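Input: a single structure, listed below in structure tokens.
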Amino acid sequence: MGQARDTDFSEYFEARVQRFRRLAFGMCGDWHGAEDLVQATFIQLYRHWRRVQPDTVDAYARRILLNAFLTGRRKRGKELVTSSPPERAAPPGHDSHERIDLERVLNDLTPRQRAMVVLRFLEDLSVAEVASLLGVAEGTVKSQTARGVEALRAVLPSPTSKE
């Protein structure tokens with residue numbers, strides 16, 4: 001029985017780990033932080049693997065990841081970890097004034113708004129699914145997502161502009 005449990009979990013892990021890495025990166029904007037979130041998610045998921053229903057395992061894992069992200073953001077505040085100093089020059093052929101720093105823009109959102117925007121547009125979840133996952137009303141998801149998208153639009157150039 002334990003062998004079958006481990007085999008099932010290993011198969012699930014192999015099938016979903018990349019998806020959860022992308023989701024975690026979308027939430028935290030840092031590959032190292034994303035790896036930590038995914039690791040914490042799968043450790044927690046493994047602990048409860050026997051009790052998790054096969055048809056809800058993705059939602060359960062997503063909830064674990066979201067909780068780990070929101071808890072970590074509260075503990076760390078607005079700390080931004082980078083792999084290199086900000087003083088480095090732009091790569092040749094790239095004008096740093098023309099590049100969009102999506103990570104910086106997403107970091108300006110509150111953790112909850114960022115999570116809602118990422119879940120709605122990166123994970124392509126419905127308003128109802130995000131509301132259920134976060135334990136809030138659908139109206140809250142709609143308003144917070146709208147405010148997050150509005151904040152992004154205020155900072156990001158229009159897709160049709162040639163600025």
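Quantities reported herein were computed from a predicted structural model and do not represent experimental measurements.
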Carefully, step by step, assess R62 and L23 under the rule side chain to side chain contact (heavy atoms under 4.5 Å, CB included). CA-CA 9 Å; R62 212 179 291 119; L23 176 59; 3.7 Å; yes
Using the side chain to side chain contact (heavy atoms under 4.5 Å, CB included) rule, take L45 and F13 through it: C-alpha gap first, then chi angles, then the decisive distance, then the call. CA-CA 10 Å; L45 184 61; F13 176 83; over 6 Å; no
Side chain to side chain contact (heavy atoms under 4.5 Å, CB included) between L119 and M27, intermediate numbers included: CA-CA 9 Å; L119 289 169; M27 287 186 187; 3.9 Å; yes
Run the numbers on F121 and T145 for side chain to side chain contact (heavy atoms under 4.5 Å, CB included), then give the verdict. CA-CA 10 Å; F121 300 109; T145 302; 3.6 Å; yes
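Atom CG in L125 sits 10.0 Å away from atom CG in D58 (nearest 0.5 Å). Taking CG of L70 as the reference point, atom CG of L134 lies at 7.0 Å (rounded to 0.5 Å). Taking CD from Q144 and CZ from R120, the interatomic distance works out to 13.5 Å, rounded to the nearest 0.5 Å. Taking CE from M116 and CG from L66, the interatomic distance works out to 9.0 Å, rounded to the nearest 0.5 Å. Atom-to-atom distance recorded for R147:CZ and L152:CG is 14.5 Å, nearest 0.5 angstrom. Expressed to the nearest 0.5 Å, how far CZ of R16 lies from CZ of R21 amounts to 14.5 Å.
Nearest approach of A151 to L109, heavy atoms of both residues: CB-CD2, 3.7 Å. Between G26 and V118, the closest heavy-atom pair is O-CG2, 3.1 Å. Nearest heavy atom pair, residue F69 against residue A115, reads CE2-CB, 4.3 Å. Nearest heavy-atom pair across C28 and G33 is SG-C, 3.7 Å. Annotation for A61 and F20: closest pair CB-CZ, 3.5 Å, computed over non-hydrogen atoms.
Looking only at distances, no side-chain donor or acceptor of S132 sits under 3.5 Å from a matching main-chain atom of A128. In this structure, E129 contributes its side chain and S126 its backbone to a donor-acceptor pair below 3.5 Å. When atom types are taken as modelled, the side chain of T56 and the backbone of A59 share no donor-acceptor pair closer than 3.5 angstrom.
Taking a cutoff of 4.0 Å between a charged side-chain nitrogen and a carboxylate oxygen, E123 and R22 do not qualify as a salt bridge.
Taking 4.5 Å as the limit, every side-chain heavy atom of V57 sits out of range of all side-chain heavy atoms of Q53. Counting only heavy atoms from C-beta outward, the side chains of V136 and R112 approach each other to under 4.5 Å. The side-chain heavy atoms of Q39 and I43, taken from C-beta on, include a pair separated by under 4.5 Å.
Here W31 sits in one hydrophobic cluster together with F25; the rule is ILVMFWY side chains under 4.5 Å apart, joined directly or through other members.
Residues satisfying the ring pair (Phe, Tyr, Trp, His ring centres under 6.0 Å) criterion with F9, sequence neighbours excluded, are Y46, W49.
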